[in-house]
Every structure is written in C-alpha cells, then in structure tokens.
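All remarks here apply to the structure that follows.
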Amino acid sequence: MRACSGSAVSPASAFERAEAPNGRPVARVLLDSALPQLDHLFDYAVPDELAEVLRVGQRVRVPFRSKDRKNFGYIVEFAERSEFSGSLAPIADTVGTVPMLTPEIWRLARAVSDRAGGSAGDILRLAIPTRQVRVEKQHLAASAADAEAVRPAGAGPEGGGSAGEGSEGGGSAGEGSEGEGSAGDVSEGDATGLPGTGGLEAPAGTPEAAIAAELVTGARLAHLASHGPERLETGEWVGGWAAQLAKIALAVFELGRSAILVVPDYRDLDQLRDALAALGHEETIRVDSRQSNAERYAGFLRALDAEPRIILGNRSAVYAPAHRLGAIIVWDDGDPLLAEPLAPYVHARDAALVRASLRGEAPLVDEGDEGAPRPGLLFASHARSAEVQRLVEIGYVRSQLNPPRRTRVIHADSSMTPDAFAGRVPEYAARTIREGLRSGPVLVQVATPGYAPVAVCVECGDLARCAACAGPIGFRVVGRASCRWCGEYAADWRCPTCDGRRMEERGMGSARTVEQFERQFEGARVILSDGEHPRERIDARPALVVATRGAEPLAAGGYRAVVLLDAERLLGLESLRAGEDCLRWWENAAALAAPDGRCLMASGGGPVVQAFVLGQTEQWLRGELRDRQALRYPPAVRVASVSGGPAEVERALAQLDGLSGVDRLGPTPIPPGGPANTPRGLVRAIVRFDYARGDEVARRLRGALVADAAGSSARSRGRQPGRARPEALRLRFDDRGVFDG
DNA sequence: AGCACGCCGACT
DNA sequence: GTCGGCGTGCTC
C-alpha cells in the first residue's frame with residue numbers, strides 16, 4: 001500500500017490537497033521582500049473571482065505600497081477576519097496553480113528565521129526554486145496522466161493515504177513494534193509490482209532497518225560510521241558510510257515515509273546516489289547547487305507530490321518539502337560546507353534540529369503532512385562535531401552504542417624516527433608508502449594546497465608580506481610568488497627589513513610534495529588531488545595520491561595505506577575548532593583505507609593526535625566541551641555578532657539589558673579594509689547567551705534591527721543611491737568563525 | 001523603495 | 001491663516 005506503492009494510489013494533486021478559503025474572506029500573505037520591516041503577514045481580501053482557485057501555499061501577486069504597484073508573495077493562511085484596521089486590498093492574481101509553500105515548510109522557515117534573527121523570506125528563497133512554467137506544465141500533465149490511469153477503480157484521493165495514517169497513529173509513542181508492523185506492509189507493497197520496487201531487498205532485521213524504524217517514530221540519533229569503502233552490486237566503490245546511509249534511507253522509504261539526506265558536497269551526493277541506485281532506488285530527488293533551475297524545479301515539484309520520496313542534496317535540501325517526512329539524515333555535520341553563507345546564515349544542522357522538533361498541530365486538510373508524527377533525526381559522521389557531542393551529553397540526541405570499525409592507526413612520532421628525513425617524509429613513513437605501493441594505492445594527506453605556503457626573504461629570513469594588503473606571500477605555482485589574501489603577484493618585492501630582493505619557498509604545499517615524491521619514490525605513479533583539481537575516484541592500481549584535506553579521492557578497494565602529514569601545521573591553525581577539525585580530516589582520510597590497510601600519523605603529538613591515534617576521540621571531545629563550558633565558548637553557549645555603526649550597535653545591545661544568561665564582548669572597532677573591504681568606523685560586539693535564552697535574545701535583537709531599518713530610509717536620504725547604509729545594523733547568529741580572529 | 005502625513009517656519 | 005519643505009514612518 002502506501003509506501004512503495006505511492007504511485008498506485010491516485011495521489012491528489014498538491015492543489016487538491018492544499019487548504020481552500022472555504023468562504024473565509026481574508027488571506028494572510030508573506031511578501032517577497034528583503035526588508036526586515038516587512039517580515040510579517042499582510043492581510044488581503046479574497047476576491048470572489050479568485051475564491052475557487054486560491055489555496056494555502058500558493059504564490060500570488062498583491063497590490064502593495066500603492067494600488068497599482070504589485071508584489072509577489074505566498075498565501076500562508078485564510079482567516080474569517082482581519083486585525084488590520086484599514087480596508088483590505090484584494091489579491092490581484094495567482095501565479096500558477098501549484099501551492100509551493102507547504103504548511104510544514106512555512107512553519108520551518110518561520111521558526112528557523114526567528115531563531116537566527118532573520119527573515120522568513122530569506123529561508124524561503126533557499127527552500128523554493130524559481131518557477132519554470134514549462135517544467136510545471138510537464139509535471140502537471142504527467143501527474144494528471146498518472147491519476148487518470150489509476151483512478152477509475154473509484155478510489156478517492158484519500159484511499160491509500162488514510163490507510164497509512166491509521167497505523168501511524170501511535171507512532172511517536174511506540175518503540176520497535178510499530179516498525180515491525182510497517183515493515184510487514186512492505187512485502188505486500190512489493191506485490192503491487194510497481195516499476196522500480198521489484199529489485200528492492202526489504203532490509204528487515206538489519207541494523208539499518210532497526211535504525212530506520214526508530215527514526216520514523218521520531219528518534220534523534222548520533223551515529224559514527226565505520227571506516228572503509230564498500231563495493232556496490234554495480235561494481236562501483238563508495239564509502240561504507242554511503243552504503244549504510246542509503247540502506248537506512250531506503251528502509252525509511254519502505255516504511256512509507258520520506259527521507260531527506262543532507263551532505264556537504266557533490267562528491268558525497270554522487271556516492272549516495274550510486275548506493276541508492278545499486279539498491280534499486282532510482283527515483284531519488286536531487287537538490288544540488290550545480291543543477292540548472294529547470295532541474296531543481298522539476299525535483300521540487302516531485303517532492304511536493306503526495307508520495308514518499310528520498311531527497312538527496314546539499315545544505316538547502318534540509319528545506320525541501322517532503323510527504324510524510326520520516327527522517328532527516330545529516331552526513332558529516334562538522335564540514336563547513338553545511339554552514340549557509342547566505343543570510344540568515346543558518347547551519348543545516350540547526351535547520352534539521354528545528355525541522356525535527358516541529359510537530360504538526362495545525363488543522364489538517366485531507367491527509368496533509370501535519371498529521372504525520374515528527375521526523376526522526378540522524379547525525380552520522382566519522383568524527384563527531386562538538387555541537388552533536390553537546391546534544392548527546394544533554395540527552396537530546398542518543399548516541400548509537402555499536403562501536404564503528406576503525407582503520408588501524410600507527411603513530412610514527414619523532415621518538416620512533418629520530419630526524420630520519422630522506423625527503424618529504426620521515427623514513428618510517430617512506431617505508432610504509434613503499435610497502436603499500438607494492439600492492440595498491442597509497443594516500444598522503446597534506447595541509448596546504450599549492451607549491452609552498454610561505455615565502456621568506458633569502459637575506460634575513462623574515463616572512464614576505466604583500467605590498468598592497470600586507471597579506472602573507474606564498475607560492476601557488478613554482479616560481480610565482482603571490483599574496484594569499486588578495487592574489488597580487490609579488491613581482492618587484494623588496495624586503496622591508498633588509499631591503500633584500502629575493503625570496504624563497506618555505507613549507508610544503510601539495511604541488512611541492514608531488515615534486516619531492518617523484519624524486520623520493522622514483523617510478524611511482526604520483527597523483528595530485530586538491531581543491532582546484534579534485535579527483536573523485538581512482539582505480540586499485542598502485543599510485544601515490546597526494547591530496548589536501550577534504551579532496552582525497554576514493555580508491556577502488558581502499559588505500560593500502562593512508563599517511564597523514566603536517567599535523568603540527570593543521571593544529572597550529574588559529575581556530576577555536578582546530579582540534580575538532582583535525583579529528584574530522586584525519587578520520588575521514590583514515591576511512592578511505594582498505595579494511596586491512598593502515599593509517600599512519602607521520603608526525604606531531606599532543607592530546608588531539610593522541611586521541612586520534614588511540615581512537616579516543618569522544619573522550620577528547622568531552623574534555624573540549626568542558627573547557628568551552630568554562631570559557632563560555634560555543635557550542636557550550638550560543639553567540640551572535642552585532643555589527644554596524646557604534647550608535648546602532650549600542651542601541652541594539654541596550655535591548656538585552658537585564659536578561660540573565662547573556663553577556664557581551666565589545667563592541668570593538670572592526671579594522672577597515674580586509675577581504676570584505678569593510679568601511680571605516682564600524683564596530684562589532686559579540687553576545688553570548690545560554691540556549692534557553694536564544695528565543696528572547698533573537699527576538700530583541702531582531703526588534704532593534706527592524707527599528708534600525710525603519711528609521712534608515714530617513715537617514716539614508718541624500719546618500720548616494722543604490723548603496724546600503726554602511727552603518728546599518730547587522731546580525732549574525734551562531735557564526736563559527738567569531739572567535740577565530 | 002516610494003508615498004503620505006505632520007510639524008514648523010515663512011509669507012500673502 | 002495657509003502654503004510648502006522636509007523628517008518620519010508605513011506599506012494589508
């Protein structure tokens with residue numbers, strides 16, 4: 001029935017499922033606008049001629065600012081009466097017939113933006129792609145044909161859906177039994193003989209099925225994935241994590257629920273897509289920043305259908321609409337790619353947490369998503385983030401107990417290899433590399449891309465700095481020195497200390513490492529993979545792969561050895577998260593080794609290296625979190641940065657007076673210039689607050705921002721047009737970089 | 001962003 | 001008493 005047989009149940013169209021005015025004369029509309037003052041619902045009259053075609057979630061054009069100026073927006077709800085004292089203007093027009101904003105996504109956008117001090121419209125821009133009329137027509141024609149083919153039996157649009165609803169009733173309360181019951185339905189579903197479901201193995205009884213069964217009852221889990229690649233039935237290799245998450249997502253799907261898989265980058269997407277395809281699931285909806293608009297919109301429309309789907313995408317996939325969402329699965333939430341660079345800068349992890357906490361309470365129409373229980377939440381990774389560790393420690397997320405399989409790690413510290421450098425690597429590491437190369441590929445992870453990260457004066461040895469911006473000079477390419485900040489070539493460089501004219505390379509970038517390896521391991525095939533030229537996959541033949549962190553290719557069968565270089569350099573990065581990031585980079589690299597391969601930590605020492613070598617990363621993380629608790633650093637507390645003109649910032653901070661659990665650092669001047677070319681005279685303060693205070697802090701700072709924006713039109717008059725006021729108040733919540741200087 | 005409204009100074 | 005400039009605030 002419902003699950004895999006989704007398309008056998010004539011699915012009511014999104015239009016039919018959405019709430020109609022039903023005689024109510026008022027429509028509440030969220031306008032498309034970036035202005036914070038307009039981030040609330042505006043009431044409009046439902047005109048008689050549109051009463052039949054208006055639906056909740058629909059895109060509309062409404063008069064705004066004057067009778068004949070029109071603005072786009074979404075209908076969020078209908079109401080009997082309006083609180084607005086003036087007379088209501090009527091909705092002018094509809095945009096298509098598809099209700100694009102589901103009630104769930106509206107509540108999600110509102111909750112997420114409230115938490116981050118931003119506008120709901122900014123979230124909706126991530127959630128809803130731009131409409132493509134051609135794509136929409138195609139989709140509507142196709143689903144009309146589908147419905148036509150199935151409906152004649154006389155089954156109402158609710159037939160299949162409500163059957164599912166019945167067994168779901170106690171879902172959020174029950175534990176395992178609910179999962180078994182539903183899993184039993186699946187084999188019946190297979191009997192419908194639908195295309196695409198034939199080859200699926202019902203994974204009942206597997207650990208993945210057990211996790212899925214928990215997820216659909218609303219469980220929140222943290223899971224450490226085992227190291228090692230896995231060969232798919234198609235012959236392709238993917239990370240074992242991808243094979244496992246694909247099975248979990250598929251098991252959720254077979255319980256009649258949608259699953260959303262959120263991953264950092266497109267290489268992760270490809271692996272999961274392949275793993276799902278190998279399990280027989282080809283209908284995955286992809287949400288990907290590299291897609292064309294038409295592709296994105298087509299996928300979006302499919303996600304709106306009244307059928308469970310597996311949705312696979314990068315950070316904005318967390319906002320995808322989904323029918324009866326059963327699980328949100330986030331892979332490697334510590335990866336900075338999951339941090340949204342657009343306002344209001346909400347991390348996909350936080351959006352997932354909010355989405356998984358929303359329980360449907362709104363009145364339902366038909367078998368709408370509101371009726372479904374809360375989705376489950378799964379954070380999976382090879383290395384836990386401090387944020388998820390915190391969630392585990394406060395008991396909000398449950399840690400999976402089964403210990404992951406881990407590549408054997410060897411530490412070749414300086415005591416083992418007393419300065420025996422024969423080239424780029426110590427002799428012990430060189431031996432490991434040579435041994436590995438006899439039977440397969442070897443991975444060497446290095447800290448820095450390019451040729452050499454640093455240039456120094458040949459005469460006095462001082463660091464070379466850019467004449468234009470004072471940034472550090474390095475060699476991205478052999479012989480070509482350029483500024484690492486602004487990219488300016490250092491052609492006529494002069495040492496400010498000794499007036500020397502020549503500089504030389506210091507340190508080892510990936511390109512220089514390749515150069516050295518070609519000498520040190522003569523005859524070996526040396527392959528470079530870095531951010532600029534990433535290699536996604538390599539074959540099983542012997543090769544020495546030099547990769548920067550995060551750009552390691554997947555090797556068929558896994559690497560014979562994984563060698564981690566430059567630990568001191570990575571740990572020396574001036575970041576609050578340096579230790580946590582290192583553990584993630586190292587664990588992810590070690591996971592690429594073959595089951596009988598080795599991981600060699602070639603240098604370094606100290607607690608982080610020790611934790612990695614001994615496999616005691618959770619203990620280290622616990623200690624780290626305790627330290628941050630004591631220092632009031634995130635994620636033990638939340639932070640918000642408040643920047644702008646000194647007066648504006650002071651006004652905003654004054655709103656927080658008298659709130660307990662809140663303290664502030666600064667304001668301090670923001671240095672003008674820099675990478676973002678900050679204008680002179682701006683200041684920034686950092687507000688730290690307990691999680692319990694988050695709603696209140698966001699509400700008050702947001703209030704200050706709205707007031708500032710409202711008064712801004714007056715103050716900005718007479719200024720050069722087009723440019724935003726530089727001293728305007730800016731808010732940024734939970735910025736991971738605030739303490740990194 | 002653009003428009004209306006109101007407060008205040010200057011002028012027939 | 002009234003016209004109009006400009007600063008302020010609202011937009012259903």
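So that the names make sense, note that chain A is the first sequence line, chain B the second, and so on, each numbered from 1.
Whole-Å rounding puts the A/Q37 CD to C/dG9 P distance at 12 Å. The distance between atom CG of A/L30 and atom C1' of C/dT11, rounded to the nearest whole Å, is 14 Å. As a whole-Å value, the separation of A/D39 CG from C/dC12 P is 17 Å. Rounded to whole Å, the distance from CZ on A/R28 to P on C/dT11 is 15 Å. The CZ-C1' distance, from A/R81 to C/dC12, rounds to 15 Å in whole Å. The nearest whole Å value for the distance from the CG atom in A/D32 to the P atom in C/dT11 is 19 Å. When rounded to the nearest whole Å, the span between NZ of A/K70 and C1' of C/dT11 equals 14 Å. Computed from coordinates, the A/R69 CZ to B/dC3 P distance equals 9 Å when rounded to whole Å.
Note that A/R59 lies in the cation-pi zone of A/Y74, set by a 6.0 Å cut-off to the ring centre and a 45° limit from the axis. Note that A/R55 lies in the cation-pi zone of A/F15, set by a 6.0 Å cut-off to the ring centre and a 45° limit from the axis. Note that A/R61 lies in the cation-pi zone of A/F72, set by a 6.0 Å cut-off to the ring centre and a 45° limit from the axis.
Across all strands shown, A/L38 has heavy atoms under 4.0 Å from base atoms, whether or not it also approaches the sugar-phosphate. Residue A/F84 is in base contact, counting any heavy-atom pair closer than 4.0 Å across all strands shown.
Ion pairing between A/R699 and A/E696 holds under the 4.0 Å rule for side-chain N and carboxylate O.
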